[in-house]
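Note sheet for the following structure.
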Amino acid sequence: MSSEFRLSIHGQWSGRLAFFLAATGSAVGLGNIWKFPYITGENGGGAFVIVYLICIAIIGVPIMMAEIMLGRRGRLSPINTMALLTSEDNRHKIWRAIGWMGAIAGLIILSYYSVIAGWAMAYVVRMASGVFLASTTDGVNGIFTALTADPERLLAWHTIFMLLTTMIVARGVQHGLERAVRYLMPLLFVMLLILVGYATSTGAFLQGVNYLFSADFSKLSTESVVVAMGHAFFTLSLGMGAIMAYGAYLPKDVSIAKTSFAIAAADTLVALLAGMAIFPIVFANALEPAAGPGLIFQTLPIAFGQMDAGTLFGTVFFVLLVFAALTSAISLIEPMVAWLVENKNVTRIQAAVYMGLAAWVLGIGSILSFNVWSNVTWSIPGLFKDLTIFDTLDGLTANIMLPLGGLFIAIFAGHLMAEHKVKDEIQTHPTLYKVWFYLIRYVTPLLVIIVFLNLIKLI
Ligand code: TRP
């Protein structure tokens, strides 16, 4: 079987814009607006942000190009794409693990991602009811604590979010989704600009921006570097096959290089805007930047509570955040769903339901780690302290499985696949191609390995 001249059985994007929107929809999500600000706060600000930006540029973008390239070459689910490409070039079966590990990582990420998306849904209702109007820091805090302390409410929202995700995936990627992303993403961007505008009025805008961009590398720990690299993978949806799966539906004439730059740029811009909105609010209200996963839920309501028409803006903002999460969530199970359809003689609807159910069950562990099981933790002395189930699932996937997947993808694309095929797919300016090939062959894998070795040294 040859990988040339085939189309995916799952369909194809209508064109370049559709792919850009879908991939950006996957990339832009809770990772940008919820996770980026809180891990920046936990890791001390500027220096962490710089390392993250470097990782995006020299690890993220090259791997994104490689993933799209592999996907479009294989035109199958990531598991079967990797099986096809390894057998075409007579490579060891072990490289198929890229597909398998990725599928498992996607399922684990989705399980806790859905729980946090549930918080955002809960906040739509709270915002709309006006409870945050002129509320104090303590009041906002209390509302967040009450939500996360209640496993039943969290389970209800988690269930609703998983149902929505499953329904969209069941209908096929193109229907509705392309359209939703087209209008909702730009709107989310506008809402972020409004929030940054508010942040300039808090009196702590410069302090917030300074925190985000002025780097003191002496404060940077090895763990922070690992988290920064892990987040570069997480925020660009790399290392598990999501982008590979989307690449399988990409028309042949679209430039992989240009699209990858555009996706990475859009994703980074959204994350930085979120940071510029949130940190001024943190400092203006004497909050703690290292507050953890609750950070945006404890800061943004203060802003919305104080601004004109805050109830409206706040409601719209959290609705958009839920949509951003949905367009990411679907890409987390698409690889598994596509594989089930290809191999197990099930319909797309059945496949989506099975995977949705699996992620739903797994998510219950994360729900409980915010309340009933919040004391069930473990530590590695000197490295990780008091990790809950949620922390463990997040750390294991973002900081270990995704970079490992990315490393294997880089090695496969840079060393194991016949180069004429790689060149034929990437099709870009010769110099640009050379730079990319050099990065993916040497620089990117080496950097990932160095970060990993430092991690191992610490253990
Ligand atoms: N990138 C998304 C975010 O930032 C999350 C996500 C979607 C993801 N698909 C992924 C993360 C695949 C890792 C791998 O919210």
Side-chain angles (χ1 to χ4, degrees), residues 21-40 52 55-56 59-61 63-64 66-68 71 77-78 98-99 101-120 161 165 168-169 173 177 181 184-185 188 192 227-247 260 263-264 266-275 293 296 320-338 355 359 393-406 408-409:
L21 291 171
T24 306
S26 167
V28 174
L30 297 174
N32 307 62
I33 293 164
W34 158 74
K35 195 172 180 189
F36 172 72
Y38 98 72
I39 58 175
T40 299
Y52 155 78
C55 289
I56 294 280
I59 299 178
V61 173
I63 291 184
M64 180 177 287
E67 260 199 49
I68 301 174
S77 66
I98 292 174
M101 193 175 69
I104 295 165
L107 199 64
I108 299 176
I109 295 173
L110 181 60
S111 77
Y112 70 81
Y113 202 83
S114 166
V115 174
I116 310 295
W119 297 1
F161 187 82
T165 305
I168 298 175
V169 176
V173 183
L177 205 81
V181 182
L184 296 173
M185 285 293 151
L188 181 67
L192 276 175
V227 175
M229 180 176 78
H231 189 61
F233 281 94
F234 187 92
T235 192
L236 293 178
S237 303
L238 298 177
M240 55 85 38
I243 294 295
M244 200 188 293
Y246 279 16
S260 298
I263 298 164
D267 185 80
T268 306
L269 195 61
V270 172
L272 294 179
L273 283 178
I296 68 159
L320 293 170
L321 185 59
V322 172
F323 271 98
L326 268 175
T327 56
S328 300
I330 54 170
S331 74
L332 283 162
I333 42 171
E334 177 63 22
M336 272 292 219
V337 169
M355 294 328 299
L393 295 179
D394 178 35
L396 175 72
T397 47
N399 302 340
I400 297 176
M401 292 175 86
L402 299 181
L404 209 57
F408 291 155
I409 287 168

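First listed ligand is number 1; within each ligand, the first listed atom is number 1.
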Taking distance alone, with no angle check, do Ala27 and ligand 1 share an N/O pair under 3.5 Å? yes
Check: Ala324 main-chain N/O paired with Thr327 side-chain donor or acceptor under 3.5 Å: yes
Side-chain donor or acceptor of Trp34 paired with backbone N/O of Ile296 under 3.5 Å: no
Is a side-chain N or O of Tyr246 found less than 3.5 angstrom from the main chain of Glu334, in a donor-acceptor match? no
If you measure every N or O of Phe233 against every N or O of ligand 1, does any of those distances drop under 3.5 Å? no
Look at the side chain of Asp267 and the backbone N and O of Asn32, then say whether any donor-acceptor pair between them is shorter than 3.5 Å. no
heavy-atom search around atom 14 (C) of ligand 1 in the protein gives Met240 CG, 3.2 Å
Given the rule in the side-chain contact (heavy atoms from CB on, under 4.5 Å) test, do Met244 and Ile409 qualify, once you have shown the distances and angles that lead to the verdict? CA-CA 10 Å; Met244 200 188 293; Ile409 287 168; 4.1 Å; yes
Check each of Ser237, Ala245, Ser331 against atom 6 (C) of ligand 1 and report the one with the nearest heavy atom. Ser237
Contact partition for Ile109 relative to ligand 1, non-hydrogen atoms under 4.0 Å: side chain
Answer side chain, backbone, both or neither: which part of Leu402 comes under 4.0 Å from ligand 1, heavy atoms only. side chain
Specify the protein heavy atom at minimum distance from atom 2 (C) of ligand 1: its residue, its atom name, and the distance to 0.1 Å. Ser26 O, 3.1 Å
Heavy-atom gap Tyr113 to ligand 1 smaller than 4.0 Å: yes
Against heavy atoms of Leu30, which atoms of ligand 1 measure under 4.0 Å? 15 (O)
Would you say the side-chain atoms of Ser328 pair up with the backbone N or O of Gly25, donor to acceptor, closer than 3.5 Å? yes
Shortest protein contact, atom 1 (N) of ligand 1 (heavy atom only): Phe234 O, 2.8 Å
Backbone of Ser111 reached by a side-chain donor or acceptor of Ser114 within 3.5 Å: no
